[in-house]
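The structure appears below as C-alpha cells.
Lettering of chains follows the sequences in order, A, B, ..., and the numbering in each one begins at 1.
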Amino acid sequence: MKNNKYIITAALPYTNGDIHIGHLSGVFLPADIYNRYLKLNNKDTIFISGSDEHGASILIKSINENKSPIDIINKYHKKIKYNLRIFKISLDNYFRTSNKIHKKFALKVFYKLYKKNFFINKDTYQYYDNIKKIFLADRFIIGICPICNYNNAYSDICDKCGTTLKIGDLINPISILTKKEPILKKTNNLFLIFKKEYIKYLYSKYKKLNFNKKILKYIYNFIKIGIKKRSITRDINWGIYIKKINKFKRKVIYVWFEAILGYISSTIDLSFKRNINYIRYWKSKDTKLINFIGKDNIVFHSIFYPIIIKNYNKNYILPYYINVNEFLKINGEKISTSKNKGIFIGKFIKYLPKYIDSLRYTLIKEMPINKDSNFTWDKFKYHNNSELIGILGNYFNRIINLIHIKLNGYIPKNKKINKYDKYILNKVNKNIKNIDKYILNYNFRMAINKFIDISRIGNKYLSMTSPWKVKNNEYIKKILYVSLEILKIIIRLSYIFLPYTYKKFLKILNINESNLVNNKIVFPLKHKINKPKIIFFYITDNFLNRIRLIFK
RNA sequence: GACGUAAUAACUCAGUGGUAGAGUAUUGGUCUCAUAAUCCAAAUGUCGGGGGUUCAAAUCCCCCUUACGUCACCA
C-alpha cells in the first residue's frame, strides 16, 4: 500500500472560452480535493491536466471572430491556466495539446496503430462549404427537417421532433458560416472499430474495481447494442496533421483520439520540467490512475482510451477509478461556453477576488455528484455568511480572541482533560474518520459537511463550557487547550478544502509549514499568536444584488 | 422511442431490512468570547402512487406517475 503511486487527472477543458464554475465543480475541485487529501497523507501523487486545443469548434470560433485558431487557443490557454492557479487547483502540470511534445506522442500512437492495421478505411459523403473550402461538422449545417418541417434542424438531429437524421436527409441545408448551400463531397477517412469482447473485458475489469454504477450501466448498454465504428481522421485544417501517411497528409487526427492522450503527454512534459521520469508511473502496476471527468466524457475514458493505449503499448495502466460528475446548472439553466452562458472564472476573479474560497466552498457543497445540481447566488451568500462566517470563521475568531483576552495571546500548555472534553474530542475524531471515508468514496459534498461540523462541535463546546464566565485560570487554560486541539484539526483539513483560508489561519496563529510535525501542528514553547483578522467577508443583500447584475 | 438517474419535513439533502435524520427557514429561550455570529428547545413527514417478498421495507422485487439526463462525429 505504501508504495502506491497516484496519477490524478482532470478532464482537459476545451479552449474555446474561459472555464466556468461547472468545470470547477464537476472536475477540477473534486480532483483537487482528492489530490490534496493524498498529499496530506504523504502519498506519491501527480496531478495532471491541460488544454484541449484542437477540433472544429475552435476553428469555427476563429472564423467567426476573424482570428487565427492559434490566437484563440493562446488567449484561452493562458487565461485558463492562470485562473486554475488562482483557484489553487493543485496541478503538477497544466499542459496543452498544441504543444510539440503532445503532437509527437499522439502521432507516435497513431502511426503505430495504423501500422498494426488497427484502423479501417471508408468512403463517406460529407457536407462541404465551397466558399470557405472546409468540410462542415453536422451541427454547422441547418435546414428543414424532413419529418416535422422545423426549419432550424441540424443535419444530424432535429431539435424539435428528435429525429436522428443522416447526411442528405435535410431539406435546403445551408452552412451557418456562409449561409450558402453546402455541397456533398466524397471523402475517405480512417475509422476505429470496437470489438465487443474487449468491451466485455473492460466491463468485468471495472466491475471488479467497483466502478461507479453510471459507468458500468453505460458500458453494459454498449455491449448490448454494440458500438459503431468511429472516425479518427478529419477533413479540417486545424489539428494534428498526419504527415507521414501520404493518403492522409491533408487530414488531421480527430480531436477525441489525441485529446485523451493529453494526460500522458502532459506527464512527459512534467518529466522534463522536474527531471524526474514520471512517465514510469503510467507503466507501473503500483500506480492508481484516477480520472475526474464530466458525464460527457465517459465513453472516451472508459472505452476509447483503454483500447487505444493498450494497443499502443500494453504496459500502460488502465484507470483504477473514473469519477464522473453530472452538470452544474445556474438558476436552473444549463451552462454553455459557446453560448457564453455561465459564471466564468476570470470574471469572478476580477470582481470577487476576496471570495475565492467562498466559491470553492459553495461549489463543493453543490457538487453535482449523482444528479445535476444548481448554483444560485443565494446559496453562495448562505454558504459564505452562515457557514464560513457563522460557523467556521466564528469559531476560529472566538478562540483567538479568548486567547488574547484571557492569556495575553500565549498558547496554553497541555492540560489534563475530563470526561466531557474526551467526549467532544472523540466526536471530532469520528468526523475526521468520516471525512476520510467520504473523500475516499469521492463524496466530497458529504466530506465538506463533516468538515464544517467540526466547527459546530467546537462552537458547542465553547458555549457549554463558557470560559469567559469563569475566573479560574486553570479551567480557562484547559478549555482553550481543548479548543485549540480542535482548531488544529480544522486548520489541517482546511488545506484540502479552503487553501487561502488555510494560509490565513497559519498567519494568525503565527506559525508556518515548519510547525507541522507528522502532519500535526505543534506550537513552539511560549508561543504567542497574532491578533485576529477578518477571514471571510460578509455579503449583504445590496452587495448580492450588485453581484447578480454583474454576472447577469 | 431506447437506456439510465431520481422522487424522504417548507427548502437543500443524509439514511441499502429493525421504533423516520441533519442543516436552513419558522417559533420560543440563552449567551455576550465572536463579522447580530453562538448555544438550547419546540414544531413539522401514511419516505411519489399501487402491488408483492418478509416477523419486519424509505431500504429488496414488479407495475404506474412525474422530473431530469444520455443516445455516437459533440469536445
For C68(B), which nucleotide in any strand shown is its Watson-Crick or wobble partner with both distances under 3.5 Å? G4(B)

Just checking Lys329(A): base, sugar-phosphate only, or nothing, at a heavy-atom cut-off of under 4.0 Å? sugar-phosphate

What does U27(B) pair with, Watson-Crick or G-U, if both distances are under 3.5 Å? A41(B)

Please state how far atom CG in Asn431(A) lies from atom C1' in G23(B), giving the value in whole angstrom units. 14 Å

Cationic tip of Lys185(A) above Tyr127(A) ring, under 6.0 Å, 45° of axis: no

With a 4.0 Å cut-off on heavy atoms, is Asp372(A) in touch with a base, just the backbone sugar-phosphate, or nothing at all? sugar-phosphate

Between Thr540(A) and Lys381(A), a side-chain donor and acceptor under 3.5 Å: no

Is the Lys NZ or Arg CZ of Lys81(A) less than 6.0 Å from the centre of Tyr94(A)'s six-membered ring, within 45° of the axis? no

Please write out each protein N/O paired with an N/O of nucleotides 3-6 of chain B under 3.5 Å, distance rounded to 0.1 Å.
{"residue": "C3(B)", "atom": "O2'", "partner": "Asn221(A)", "partner atom": "ND2", "Å": "3.4"}
{"residue": "U5(B)", "atom": "OP1", "partner": "Lys217(A)", "partner atom": "NZ", "Å": "2.9"}

NZ of Lys460(A): more than 12 outside heavy atoms within 6.0 angstrom? no

Is any side-chain N of the basic residue among Glu326(A) and Lys371(A) closer than 4.0 Å to the acidic one's carboxylate O? no

Single hit among Phe211(A), Tyr218(A), Tyr220(A) for ring-ring contact (aromatic ring centres under 6.0 Å, His included) with Tyr203(A): Tyr220(A)

So if I apply the ring-ring contact (aromatic ring centres under 6.0 Å, His included) rule between Phe505(A) and each of Phe396(A), Tyr500(A), Phe536(A), which one comes out positive? Phe396(A)

Within the structure shown, what part of the strands sits under 4.0 Å from Asn16(A) by heavy-atom distance: base, sugar-phosphate, or nothing? nothing

Using a cut-off of 4.0 Å on non-hydrogen atoms, how would the nucleic acid contact of Ile389(A) be classed: base, sugar-phosphate, or nothing? base

Any side-chain heavy atom of Phe95(A) sitting closer than 4.5 Å to one from His77(A)? no

Arg234(A) side chain, from C-beta outward: closest of C73(B), U70(B), U38(B): C73(B)

Check the surroundings of atom CZ in Phe194(A): do more than 12 heavy atoms from other residues, nucleotides or ligands lie under 6.0 Å from it? yes

Aromatic ring proximity Tyr263(A)/His301(A), centre distance under 6.0 Å: yes

Say whether, by atom type as modelled, one donor and one acceptor occur between the side chain of Thr233(A) and the main chain of Leu190(A) under 3.5 angstrom. yes

Think Lys415(A) forms a cation-pi with Tyr481(A), using NZ or CZ under 6.0 Å from the six-ring centre and within 45 degrees of its axis? no

Is_stacked (Trp468(A), C33(B)) at 5.5 Å, 30 deg: yes

Complement of C73(B), any strand, by Watson-Crick or G-U distances under 3.5 angstrom: none

Using a heavy-atom distance cut-off of less than 4.0 Å, which residues of residues 443-457 of chain A contact RNA chain B? Arg445(A), Met446(A), Arg456(A)

Within this structure, what is the OH-to-C1' distance between Tyr461(A) and A34(B), rounded to whole angstrom? 17 Å

Taking atom C1' of C73(B) as reference, at what distance in whole Å does atom NZ of Lys122(A) sit? 13 Å

With both distances kept under 3.5 Å, what pairs with G17(B), Watson-Crick or G-U wobble? none

Pairwise P distance, U59(B) and U54(B) [rounded to whole Å]: 16 Å

Once you apply a heavy-atom cut-off of 4.0 Å, does Asn394(A) come out as touching a base, just sugar-phosphate, or nothing? base

Just checking, any donor-acceptor pair under 3.5 angstrom between side chains of Asn291(A) and Thr9(A)? yes

For A22(B), the Watson-Crick or wobble partner whose two distances fall under 3.5 Å: U12(B)

Specify the separation, in whole Å, of atom NZ of Lys533(A) and atom C1' of A34(B). 18 Å

Nearest whole Å is fine: how far is U38(B) P from Asn385(A) CG? 11 Å

Would you tabulate the nitrogen or oxygen pairs shorter than 3.5 Å linking the protein to nucleotides 40-44 of chain B?
{"residue": "C40(B)", "atom": "OP1", "partner": "Lys460(A)", "partner atom": "NZ", "Å": "2.7"}

Measure CD1/Ile141(A) against P/C73(B) and give the value in whole Å, please. 14 Å

Once you apply the 3.5 Å cut-off to both distances, tell me the Watson-Crick or G-U wobble partner of U46(B), or none. none

With sugar-phosphate meaning primed atoms plus P, OP1 and OP2, does Gly393(A) contact a base, only sugar-phosphate, or nothing at under 4.0 Å between heavy atoms? nothing

Could you state the NZ-C1' distance from Lys381(A) to U35(B), rounded to the nearest angstrom? 14 Å

Tyr254(A) has a side chain; which of G69(B), C31(B), C73(B) sits nearest to it? C73(B)

Base, sugar-phosphate, or nothing for Lys469(A), non-hydrogen atoms under 4.0 angstrom? sugar-phosphate

Distance in angstrom units between Asn331(A) CG and C11(B) C1', rounded: 16 Å

Distance check, C1' atoms only: C71(B) and C11(B), in whole angstrom units. 33 Å

List the atom of Phe444(A), the atom of Ile364(A), and the distance in Å for their closest heavy-atom pair. O-CG2, 3.5 Å

Have a look at Phe537(A) and say if it touches a base, only the backbone sugar-phosphate, or nothing, with a 4.0 Å heavy-atom cut-off. nothing

Base, sugar-phosphate or nothing for Lys295(A)? Non-hydrogen atoms, less than 4.0 Å. sugar-phosphate

At 4.0 Å (heavy atoms only), tell me whether Ile535(A) reaches a base, stays on the sugar-phosphate, or touches nothing. base

